[in-house]
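The block underneath contains the structure these notes are about, expressed in C-alpha cells.
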Amino acid sequence: MQEAPTHPRDPLIIIAAITAAFAALCWVRLAIPSQPYFDELHYLPAAREWLSGGQFLNREHPPLGKQILAMGMALFGDGPLGWRSMPFAAGVITVFAAMRAMWFATRLRFATLSFGVLLATGFFLFIHARIAMLDVFMVGFLAVAAWHFAGAIREPETARFRLAATGIALGLAMASKWNAIPLAIVPGIAFFFARLSAGRLRLLFSQRGAPIPGMSLLEAGLWLGIVPLAVYALAYVPALALQDDPFATGGLIALHQSMLALQTQVLTPHTYQSNWPDWMFNLRSIWYLYEDIDGAQRGVVLIGNPLTMLLGLPALMWCLATGVAQRNWARLAMVIGYSVSLGLWMVAEKSVQFYYHYFLPSMFLLAALALALDALWRQGQRWLSGGILAGSLAVFFGFYPVLSAAALEGADTWLIWMWLDSWR
C-alpha cells in the first residue's frame with residue numbers, strides 16, 4: 001500500500017506569534033523622537049491639510065498614504081503616536097500578510113516562518129513601521145494582495161472573494177505610492193499567460209484550466225484590472241472637499257500630468273543619494289536621525305541587514321535556476337517580483353534616488369532566501385539554515401540601538417555600526 005500523502009499543518013499560531021513579537025519590538029520608543037524627523041517633515045504637513053480641508057500638498061505622490069496618516073492623527077492626536085500609529089499598524093499587517101502569502105504559495109512551514117523572521121530582522125520593515133512615510137502602506141497593501149492572490153490559486157473555491165480582495169489591495173497600493181504600479185499589473189499578466197498556456201479555445205470565457213479553475217479570464221480581468229483602477233481613482237475623491245481643488249484645471253488627467261512632471265524634475269544632488277547597484281550590495285546607508293533629542297544622543301540608520309541582504313543575492317540565483325529546471329512557480333515568482341520592482345529604478349526618470357526605494361525589492365530578496373533556507377532544512381542541513389536565521393537575529397539586535405532611536409553614549413557612538421566607509 002502507498003503511504004498517505006502528507007498534509008502540512010498551517011502554522012497560523014506561530015505566524016501570529018512572530019507578528020506579535022515584531023509588533024512588541026516596534027512599539028518600543030515608537031514616540032521617540034518626539035519631533036518629526038527625516039521625510040516626516042514632508043508628509044505630516046500634507047496629512048494635516050487633509051484634516052483641515054486645506055491644500056493638496058506633496059502632489060508628487062498619490063493621496064492615500066497621507067490620508068491614512070491623517071486618520072492616525074485624528075484618532076490619536078497630532079503628536080508622535082498619532083503620526084506613527086498607522087505606519088506601525090501597516091508594518092505589523094505586512095509581516096502577517098507576507099507570511100500568509102508564502103504559506104499559500106508554497107505550503108512550506110519552514111519557508112513561511114523563516115520569511116517572517118527575515119522580514120522582521122531585515123531592517124527595512126522595522127524602520128518604516130516606526131516613521132510617518134508612505135512606503136510601508138504601499139508594501140503592506142501589496143503583501144495583502146499577494147496573500148489573497150496566492151490563496152485564490154491554492155483554494156479555487158474562495159477565488160472570487162480573494163481576487164476581489166487582491167484587486168482592492170492593488171488599487172490601494174498604487175494610491176499610496178506609484179512604485180507599486182509595475183507589480184500591480186503582474187497578477188493580471190500571470191493569469192492571462194497561465195490561461196493561454198492551457199490552450200483554451202474560448203480564451204475569454206472558458207472557466208477551465210490554470211491558474212484558477214472555475215474563473216474565466218474575463219472575470220479575472222474585472223478583479224485584477226478594473227477594480228484596482230477604480231479603487232485608485234476613488235482615493236482622489238476626498239480631494240473635491242479641499243479648498244485647493246486639484247481638479248480645477250484639467251481634471252484627473254491634468255493632475256497626473258503635473259504629478260509626473262514633479263516626479264521627473266531634475267533635483268539638486270543629495271548627500272544620501274544612491275542607485276540600484278549600491279542597493280543590491282548594501283553599499284549606502286541613510287541616517288534618518290542623528291542628533292541630541294529627547295534628553296540623549298539618538299540615531300536611526302536605514303541600511304539592509306548586512307547578512308541577509310548579501311545572502312539573498314545567491315538565493316535569487318538559486319530560485320531562478322531551480323525554478324526554471326523544476327518549473328517551480330513560487331521560486332520564479334520571487335525572481336520576477338524582485339526584477340520588476342528593481343527594474344523600475346533602472347529605467348525611472350528620477351534624477352535623485354535613495355536606498356529606501358529598495359524596500360520593495362528587498363521583500364522578494366528575503367522571500368527567495370527563505371525558500372533557499374527551506375531547501376537546506378529539508379536536505380538535512382538544519383545547522384546551516386538555522387544558523388543563518390540566528391545570525392539575522394543577532395545582527396538585528398546588534399543594530400537595534402540605531403534602528404529604534406535608543407539613547408547612545410555619545411556623539412561618536414555611531415561609528416560602532418559604520419562597518420563600511422560608504423555607510424557614513
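Worth knowing before you read on, the calculation uses all heavy atoms, side chains too, and leaves out hydrogens, waters and symmetry mates.
- Within 6.0 Å of CG on L240 lie more than 12 heavy atoms contributed by other residues, nucleotides or ligands.
- The 12-atom threshold is not exceeded at CZ of R9, counting heavy atoms of other residues, nucleotides or ligands nearer than 6.0 Å.
- Put simply, the side chain of M138 does not reach to within 4.5 Å of the side chain of L172, judged on heavy atoms.
- Using a 4.0 Å cut-off between charged side-chain N and carboxylate O, R331 and D374 make no salt bridge.
- When every heavy atom of A70 is checked against every heavy atom of L51, the shortest pair comes out as O-CD2, 3.5 Å.
- Within the 4.5 Å cutoff, side-chain heavy atoms of W318 are placed close to those of L371.
- The minimum heavy-atom distance linking A235 with P238 is given by the pair O-CD, 3.4 Å.
- Looking at V301 and Y288, their side chains never come closer than 4.5 Å, going by heavy atoms from C-beta outward.
- A heavy-atom distance below 4.5 Å is not found between the side chains of R378 and F110.
- Listed for the E155 side chain is no donor-acceptor partner under 3.5 Å among the backbone atoms of A152.
- Judged by a 6.0 Å distance limit and a 45° cone about the ring axis, R162 is positioned over the six-membered ring of F104.
- When atom types are taken as modelled, the side chain of E60 and the backbone of Q263 share no donor-acceptor pair closer than 3.5 angstrom.
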Test log, rule side-chain contact (heavy atoms from CB on, under 4.5 Å), inputs F191 and M215: CA-CA 10 Å; F191 195 106; M215 174 75 66; 3.8 Å; yes

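- Checking each of D278, N275, L420, L302 against R284 for a side-chain contact (heavy atoms from CB on, under 4.5 Å) leaves exactly one that passes, namely D278.
- Looking at Q326, its side chain never comes within 3.5 Å of a backbone N or O of G323 through a donor-acceptor pair.
- The one candidate from W103, W147, F115 that meets the ring pair (Phe, Tyr, Trp, His ring centres under 6.0 Å) condition with F96 is W147.
- F126 pairs in a ring pair (Phe, Tyr, Trp, His ring centres under 6.0 Å) with only one of the listed residues (F396, W27, F359, F88), which is F396.
- In terms of modelled atom types and a separation under 3.5 Å, the side chain of S392 and the main chain of I388 share no donor-acceptor contact.
- Rounding to the nearest 0.5 Å gives a distance of 8.0 Å between OG of S85 and CG of L30.
- In terms of heavy-atom proximity, L217 sits nearest to L203 at CB-O, 3.4 Å.
- When the shell of 6.0 Å around OH of Y400 is examined, it contains more than 12 heavy atoms from other residues, nucleotides or ligands.
- Between Y358 and W276, the distance separating the two ring centers is not shorter than 6.0 angstrom.
- Put simply, the side chain of Q243 does not reach to within 4.5 Å of the side chain of Q55, judged on heavy atoms.
- If you check the side chains of S274 and W279, you find a donor sitting under 3.5 Å from an acceptor.
- Considering all non-hydrogen atoms of both residues, L283 and W423 come closest at O-CD1, 3.5 Å.
- For the pair L44/K66, no side-chain contact is recorded, criterion being any heavy-atom separation below 4.5 Å from C-beta on.
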Worked check of side chain to side chain donor-acceptor pair (under 3.5 Å) between D78 and W83: CA-CA 7 Å; D78 192 351; W83 306 335; 2.7 Å; yes

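- Remark: T121 OG1 to L403 CG distance equals 10.5 Å, nearest 0.5 Å.
- Atom OG1 of residue T308 and atom CG of residue L365 lie 7.5 Å apart, to the nearest 0.5 angstrom.
- Checked against the 6.0 Å centroid threshold, W50 and F56 count as a close aromatic pair.
- Aromatic rings of F354 and Y272 (six-membered ring for Trp) have centroids beyond the 6.0 Å cut-off, not under it.
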Residues M280, Y338; criterion side-chain contact (heavy atoms from CB on, under 4.5 Å); working and verdict: CA-CA 11 Å; M280 290 180 66; Y338 181 84; 3.4 Å; yes

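- Judged by distance alone, the side chain of Y355 and the main-chain N or O of G304 form a donor-acceptor pair under 3.5 Å.
- Side chain of S285 to main chain of I303: no donor-acceptor pair is present (N/O by atom type, distance under 3.5 Å, no hydrogens or angles).
- For CZ of R59, the number of neighbouring non-hydrogen atoms (other residues, nucleotides, ligands) closer than 6.0 Å is greater than 12.
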side-chain contact (heavy atoms from CB on, under 4.5 Å) evaluation trace for V300 with F38: CA-CA 10 Å; V300 175; F38 197 60; over 6 Å; no

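- Residues satisfying the side-chain contact (heavy atoms from CB on, under 4.5 Å) test with A105, not counting sequence neighbours, are A150.
- At distances below 3.5 Å, not a single donor-acceptor pair connects side-chain atoms of N58 with backbone N or O atoms of A46.
- In this structure, A164 and V227 approach most closely via the heavy-atom pair O-CG1, 4.5 Å.
- Of the possible polar contacts, one joining the R195 side chain to the S206 backbone as a donor-acceptor pair under 3.5 Å is found.
- Summarising the geometry, atom CG belonging to L366 is positioned 11.0 Å from atom OG belonging to S114; distances are rounded to the nearest 0.5 Å.
- No donor-acceptor distance shorter than 3.5 angstrom exists from the side chain of Q207 to the backbone of S216, with no hydrogens or angles considered.
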Verdict with reasoning, V117 to L113, per side-chain contact (heavy atoms from CB on, under 4.5 Å): CA-CA 6 Å; V117 172; L113 302 178; 5.7 Å; no

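- You'll find the side chain of V144 stays beyond 4.5 Å of the side chain of T166, heavy atoms only.
- One distance of note links CE of M86 with CG of L81; it measures 12.0 Å at 0.5 Å rounding.
- In this structure, Y236 has its ring center closer than 6.0 angstrom to the ring center of H256.
- Atoms CE and CD1, on M174 and I181 in that order, are 6.5 Å from each other to the nearest 0.5 Å.
- Side-chain atoms of R130 come within 3.5 Å of backbone N or O of R29 as a donor-acceptor pair.
- Closest approach of Y356 and D39 over heavy atoms only: OH-OD2, 3.7 Å.
- Residues satisfying the side-chain contact (heavy atoms from CB on, under 4.5 Å) criterion with A407, sequence neighbours excluded, are A296, R298.
- For the pair F141/L64, a side-chain contact is recorded, criterion being any heavy-atom separation below 4.5 Å from C-beta on.
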